[in-house]
Protein chains: 2
Amino acid sequence: MPKQYHCPVELAVDIIGGAWRPVILAHLKEGVHRYGELRRRMPGISEKMLIQRLRELEAEGLVARHDHKTVPPRVDYHLTDEGASLAPVLQALYDWGVGRAERTKTTIDWPVTDRRTAPKEGTPVAE
Amino acid sequence: MPKQYHCPVELAVDIIGGAWRPVILAHLKEGVHRYGELRRRMPGISEKMLIQRLRELEAEGLVARHDHKTVPPRVDYHLTDEGASLAPVLQALYDWGVGRAERTKTTIDWPVTDRRTAPKEGTPVAE
DNA sequence: CCGGGTACCTACCAAATGGTGCGTACTTGA
DNA sequence: TCAAGTACGCACCATTTGGTAGGTACCCGG
């Protein structure tokens with residue numbers, strides 16, 4: 001028996017709900033595609049969760065997985081058309097998040113893992 | 001130490017995430033205000049959950065609770081300005097849900113609890 | 001040969017989420 | 001007097017979600 005929804009929002013939340021799915025989708029929408037890159041952009045998620053969510057999004061037809069079958073492994077994920085149709089939702093969430101952060105004086109700690117700005121091996125990092 | 005977010009979407013989802021919060025907010029946005037009415041519109045939620053979520057949304061400043069202090073009890077909830085600022089998010093979720101339902105041939109089982117169409121006491125209901 | 005990086009998987013455990021059922025207090029209707 | 005309806009609160013339990021810590025397999029640099 002397929003799940004019964006009583007409101008379109010219920011259906012939407014059932015598919016893209018949860019703490020991480022929208023964040024993953026938003027990153028993919030912004031052009032982050034590789035698994036490792038997603039990980040670095042989301043320091044709060046565990047590898048297990050990331051993989052699990054990616055698999056679910058794949059199963060729901062929102063993201064497609066592309067394994068280059070090279071070694072070292074290289075896999076990237078991108079939005080399908082169905083996933084891309086979520087753009088308005090993701091954008092709205094993003095925009096609201098920005099506004100809310102300002103209103104509540106919350107800072108966003110961007111983990112900008114850009115190769116050009118990342119610390120070199122020689123750079124001492126406090127630990 | 002306040003929670004650290006690494007992306008505005010993370011922040012947004014942390015506040016309005018979960019299975020029920022967006023649905024409640026969407027209903028309030030549409031003009032359903034009384035507690036009992038919300039319940040009837042969301043047959044899948046238990047009373048406990050509904051109250052719990054409403055309390056959380058209240059604490060986050062998204063909804064305001066108004067107790068008429070009459071007997072029998074009459075309480076209604078409405079969006080605050082902060083809650084109303086979520087309109088684009090809720091609308092996007094709603095619209096996507098509608099489209100997704102069509103694409104996946106999922107039907108939405110609206111629990112239209114309208115007094116004019118609701119069964120009268122005399123109406124025998126199979127059980 | 002050893003560590004690090006890639007992209008995972010598996011088992012085990014803790015916390016959050018959500019459901020059931022019962023109780024409150026008060027009124028109206030049968 | 002008793003059930004029903006309003007809007008909850010609370011205790012207990014099951015399910016779900018998520019975290020931690022390991023391991024796989026392969027390559028490259030030192």
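Here the structure is a predicted model, which is why all the values come from computation and not from measurement. Order of the sequence lines sets the chain letters (A, B, ...), proteins ahead of strands, with each chain counted from 1.
Every pair passing side-chain hydrogen bond (donor to acceptor under 3.5 Å, both in side chains) that includes a residue from residues 19-28 of chain A is listed here, sequence neighbours excluded: Arg21(A)-Glu56(A).
For Tyr35(B), no side-chain nitrogen or oxygen approaches OP1 or OP2 of dG5(D) to under 4.0 Å. Of the side-chain N and O atoms in Arg74(A), none sit less than 4.0 angstrom from OP1 or OP2 of dA7(C). Between Arg34(A) and dA7(C), a side-chain N or O to OP1/OP2 separation shorter than 4.0 Å is present. Of the side-chain N and O atoms in Arg39(A), none sit less than 4.0 angstrom from OP1 or OP2 of dA7(C). Close to dT6(C), at under 4.0 Å from its OP1 or OP2, lies a side-chain N or O of Arg40(A). The phosphate of dA7(C) has neither OP1 nor OP2 within less than 4.0 Å of any side-chain N or O from Tyr77(A).
Distance Ile51(B) CD1 to dA7(D) P: 9 Å, rounded to the nearest Å. For the pair Leu54(B) CG and dC8(D) P, the interatomic distance rounds to 8 Å; values are reported in whole Å.
Put simply, the side chain of Thr80(A) gets close to the backbone of Leu62(A): a donor and an acceptor are under 3.5 Å apart.
Between Leu54(A) and Arg65(A), every side-chain heavy-atom pair lies at or beyond the 4.5 Å cut-off.
When Arg34(A), Arg40(A), Arg39(A) are each tested for a salt bridge (Lys or Arg N to Asp or Glu O under 4.0 Å) with Glu37(A), only one passes: Arg40(A).
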I need a per-nucleotide contact map over nucleotides 11-30 of chain C, read 5' to 3'. Cutoff is protein heavy atoms under 4.0 Å; write B for the base, S for backbone only, - otherwise. B------BBB-----SS---
Check the pair Asp76(B), Tyr35(B) against side chain to side chain donor-acceptor pair (under 3.5 Å), reporting the backbone distance first and the verdict last. CA-CA 6 Å; Asp76(B) 44 45; Tyr35(B) 171 80; over 6 Å; no
